[in-house]
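Just so it is clear, the values below take in all heavy atoms, side chains as well, and ignore hydrogens, waters and symmetry mates.
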Amino acid sequence: MVGAGAVGAILALELAHHNVASIVVERAVTGPYHPGLDFLAGRSMELLRRLGLTALIREHGVSPDLPTGLEWSQGLDDPPILVSPGESATAPLDDGSLPVERHQRVSGAKLASKLRDAVRRHPLIDLREGWTFTGLRIEPDGAVAELVEGGTGDRHFVSARHVAGCDGAHSTVRRCLEVPMEQLAAPVRHCSVYFRSEDLTRRFARRGLSTVIVGGVALVARGDHDTWVGHLGLAPDEPITTDPVAMLRVMLGVRLDPTEVLGVTQWDDSLAVAATYQRGPAYLVGEAAHRFHPVTDSADISIGDAIDLGWKLAAVINGWGGPGLLASYELERRPRALIDREMLGRALETRRRFSRLAKAGATRELLAEVLQQEPDLLGTTGFQIGDRLASSVIWTDDRPQWPRPDQVPPTISPGGRAPAVWFGDGSHLFDRLGRELTLVDLTDDGAGRHLAAAAQERGIPMAHLVAADPAVCARWDHCLVLVRPDLHVAWRANAVPDDWDPILDLVTGRKTT
C-alpha cells in the first residue's frame with residue numbers, strides 16, 4: 001500500500017481488521033499550511049465505528065454541536081436573503097434511515113496523526129515512515145514498487161500481490177499507471193485566506209451559522225478559536241496580491257479586522273475524477289482517484305473508497321472472494337464520485353450565479369427564488385443524496401428495486417444500507433454484526449443457521465445473527481438479510497432460497513452476472 005494521511009491509515013486498519021498483513025509506505029509529512037478541518041458525515045462515522053475509531057476521532061475533533069447553518073446575503077451588513085438551518089443535533093434515530101453516529105469535524109492533520117499512531121501499534125501493519133514511493137511496475141502475478149528509504153536514500157524493490165495508491169491529488173501511483181484525470185469543466189482559480197476573527201464569530205457563529213455566502217465570497221467557520229476561511233473566486237488574469245486580507249475586504253465591501261492571518265492558498269475547482277480506478281493489481285483510493293478538495297472539505301467519499309476496497313481485498317487475499325469482488329470496487333465507487341462531482345459543480349455554479357445576479361442588481365426576492373430552486377445543501381460539507389449501490393456483486397430479484405418518487409421505498413433493498421436499530425438494552429444491531437458477511441435472521445425458527453453453515457462449509461466466513469427483536473422487526477421488512485462489512489445489503493428474502501450456491505457465488509464475486 002502506498003499512501004499518506006487518513007485514507008491510507010483507514011485502509012490499512014480496515015485490512016488489519018480482516019487479518020490481512022499490510023506494508024504501508026509513507027513519506028515524511030510536514031505540518032499543514034492552514035488549519036483545515038475534515039467533515040465526516042454520520043455515515044462515515046458509523047463505518048469508522050466498525051473499526052473502533054470513533055472515540056479517538058471525537059476526542060480530537062470539534063464539538064458536533066457547533067453550527068452547521070448556511071446564510072446567503074449581499075453584504076455582511078445586509079439582512080440575509082436565505083438561511084438554511086443545517087443539520088439538527090437532536091434528530092431522532094427511530095426509523096433506521098439515519099446514521100448511528102453524528103457528524104464530526106476534525107483537523108485533517110490531527111486525524112492523520114492519530115490514525116498513524118493506531119497503525120504503528122497494529123501487529124499486522126508494517127509502517128515505513130519517511131520512505132518515498134518512486135515507481136511501480138505491473139507484472140503478470142502482481143506489482144513491484146520502487147521505494148527510497150528515508151535517511152539513507154537506499155533504494156528498495158518490493159513485490160506485492162496488490163497495491164493501493166492513497167497518495168493524494170498529485171498521486172505518483174496514478175502517474176505510474178498512466179491514468180488520466182477527467183475534469184467536469186475548465187477550472188476556475190480561487191484564493192483561500194485562513195484567519196481569526198472575533199467579529200465574524202459574533203455576527204454569525206453564535207446565530208447557528210457555519211457558512212456565509214456574501215456576493216462572490218464564501219466564509220466558512222473552522223469550528224474553534226474564532227477561525228474562519230474566506231474562499232475568493234479569481235478572474236483568469238487576476239494576480240494574487242501581496243495582501244490577501246485587503247483583497248478579502250474589498251470583495252466583502254466592509255472593513256474586516258482579522259486578529260491573525262494563518263495562511264493563504266491558491267487552488268482551482270477542477271473537480272476531476274480518474275478515468276479508471278484500477279490497472280491490474282493496482283488501485284486508486286481517495287484523492288488519488290478524485291480531486292474535490294478544497295471545493296469540499298468532506299472526507300466521506302475517500303473513507304467510502306477505503307472501506308469498500310479494504311474488505312474486498314481482505315476477502316480475496318483470505319481466499320473467499322473471487323475476482324469479481326475486486327472488479328466491483330470501481331463499479332461501486334466511481335459512479336459515486338461522478339455523482340458528487342456533478343453536485344459540487346452545481347453548488348459552485350450556484351455561487352457564481354448568485355454573485356453575478358447580485359452584481360447585476362437583482363432584487364432580494366429574485367435572488368431568494370433562484371436559491372430556493374437549488375439543492376438544500378449548498379455549503380462545502382458534501383452531499384447526502386442516498387447510499388444505494390448498483391453492483392455486479394449485489395443479488396437482485398425480479399421485484400422493483402427503484403420505486404417511483406410517489407412510492408414508499410422498501411426498508412430492505414439490495415444495495416442499500418441496512419437500517420440502523422437500537423435494541424432495548426441499549427446495544428446496537430450494527431455492533432453485533434460479524435467482521436465479514438453477516439446473515440441477519442428474523443425468522444421464528446432460526447432458519448438462517450443452515451444457510452450460514454453452508455457458506456462456512458464453502459470457506460465463506462458468514463456470521464449468523466438471530467435478531468428477532470421487536471425493534472428490528474418493526475423496521476426490517478425481510479426475514480433473511482445478508483449484510484456486507486460496509487453495512488450494505490447484499491441479498492434479502494422472506495424464505496430460505498431453493499438454491500443458495502448461486503447467491504453465494506455472486507455476492508462473493510466468484511461468478512457475476
Side-chain angles (χ1 to χ4, degrees), residues 18 20 162 277-278 283 307-336 387-403 409-419 429 433-468 472 476-513:
H18 295 275
V20 175
H162 304 278
Y277 280 23
Q278 177 185 1
Y283 304 85
I307 296 294
D308 188 285
L309 180 61
W311 79 263
K312 292 173 179 176
L313 276 173
V316 171
I317 293 171
N318 288 330
W320 61 272
L325 202 58
L326 284 176
S328 72
Y329 166 63
E330 176 171 335
L331 295 175
E332 293 182 6
R333 297 306 304 169
R334 191 169 184 273
R336 174 81 268 173
D387 197 29
R388 188 178 302 178
L389 301 174
S391 174
S392 59
V393 292
I394 298 290
W395 182 274
T396 58
D397 52 33
D398 57 0
R399 283 174 286 183
Q401 305 302 323
W402 308 94
T411 303
I412 300 292
S413 297
R417 166 188 165 275
L429 173 65
L433 299 176
R435 287 187 175 184
E436 282 83 16
L437 300 174
T438 302
L439 184 62
V440 181
D441 188 346
L442 277 64
T443 62
D444 294 333
D445 57 356
R449 72 169 62 90
H450 303 296
L451 298 178
Q456 292 164 7
E457 288 177 2
R458 291 188 51 178
I460 302 170
M462 183 180 296
H464 177 228
L465 176 62
V466 176
V472 181
W476 290 47
D477 57 2
H478 285 75
C479 296
L480 295 169
V481 182
L482 186 60
V483 182
R484 309 190 325 180
D486 57 5
L487 305 179
H488 285 283
V489 174
W491 167 85
R492 54 93 174 101
N494 274 317
V496 173
D498 295 332
D499 193 350
W500 184 223
D501 284 332
I503 298 171
L504 293 178
D505 287 339
L506 186 132
V507 300
T508 60
R510 299 182 181 187
K511 182 179 180 180
T512 58
T513 58

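Put simply, the residue from I412, N494, V496 that forms a side chain to side chain contact (heavy atoms under 4.5 Å, CB included) with L480 is V496. For the side chain to side chain contact (heavy atoms under 4.5 Å, CB included) test with L429, the passing option among L465, V483, T438 is L465; the others fail.
Annotation for P485 and E436: closest pair CG-O, 3.6 Å, computed over non-hydrogen atoms. In plain terms, the two heavy atoms of S413 and V489 that are nearest each other are O-CB, 3.5 Å. Nearest heavy-atom pair across S391 and E332 is OG-OE2, 2.6 Å. Of all heavy-atom pairs between A467 and V472, the closest is O-CB, 3.5 Å. For the pair S328 and K312, the tightest heavy-atom approach, listed with the atom from each and the gap, is OG-NZ, 2.9 Å. Nearest heavy-atom pair across H488 and G415 is ND1-O, 2.9 Å.
W395 has its side chain out of reach of D505: every pair of non-hydrogen atoms, C-beta onward, lies at least 4.5 Å apart. Between M462 and V507 there is no side-chain heavy-atom pair separated by less than 4.5 Å. Side-chain contact between I460 and L504 is present, with at least one heavy-atom pair separated by less than 4.5 Å. The closest side-chain heavy-atom distance from P497 to L451 is below 4.5 Å. Taking 4.5 Å as the limit, some side-chain heavy atom of L309 sits within range of a side-chain heavy atom of L326. Using a 4.5 Å cut-off on side-chain heavy atoms (C-beta onward), L433 and L487 make contact. Put simply, the side chain of R484 reaches to within 4.5 Å of the side chain of V393, judged on heavy atoms. Residues R449 and D441 fail the side-chain proximity criterion, which asks for heavy atoms closer than 4.5 Å.
Here the straight-line distance linking atom CH2 of W320 with atom CG of L437 works out to 4.0 Å at 0.5 Å rounding. Atom OH of Y283 sits about 15.5 Å away from atom CZ of R333, to the nearest 0.5 Å. Expressed to the nearest 0.5 Å, how far OG1 of T508 lies from CD1 of I503 amounts to 11.5 Å. Put simply, CZ on R492 and CG on L439 are 14.0 Å apart, with the number rounded to the nearest 0.5 Å. Here the CD-NE2 distance, from Q278 to H162, works out to 9.5 Å after rounding to the nearest 0.5 Å. Expressed to the nearest 0.5 Å, how far CG of D308 lies from CG of D486 amounts to 6.0 Å.
Heavy atoms of other residues, nucleotides or ligands lying less than 6.0 angstrom from CG of D445 number more than 12.
Comment: R458 engages D501 in a salt bridge, judged by a side-chain N to carboxylate O separation of less than 4.0 angstrom.
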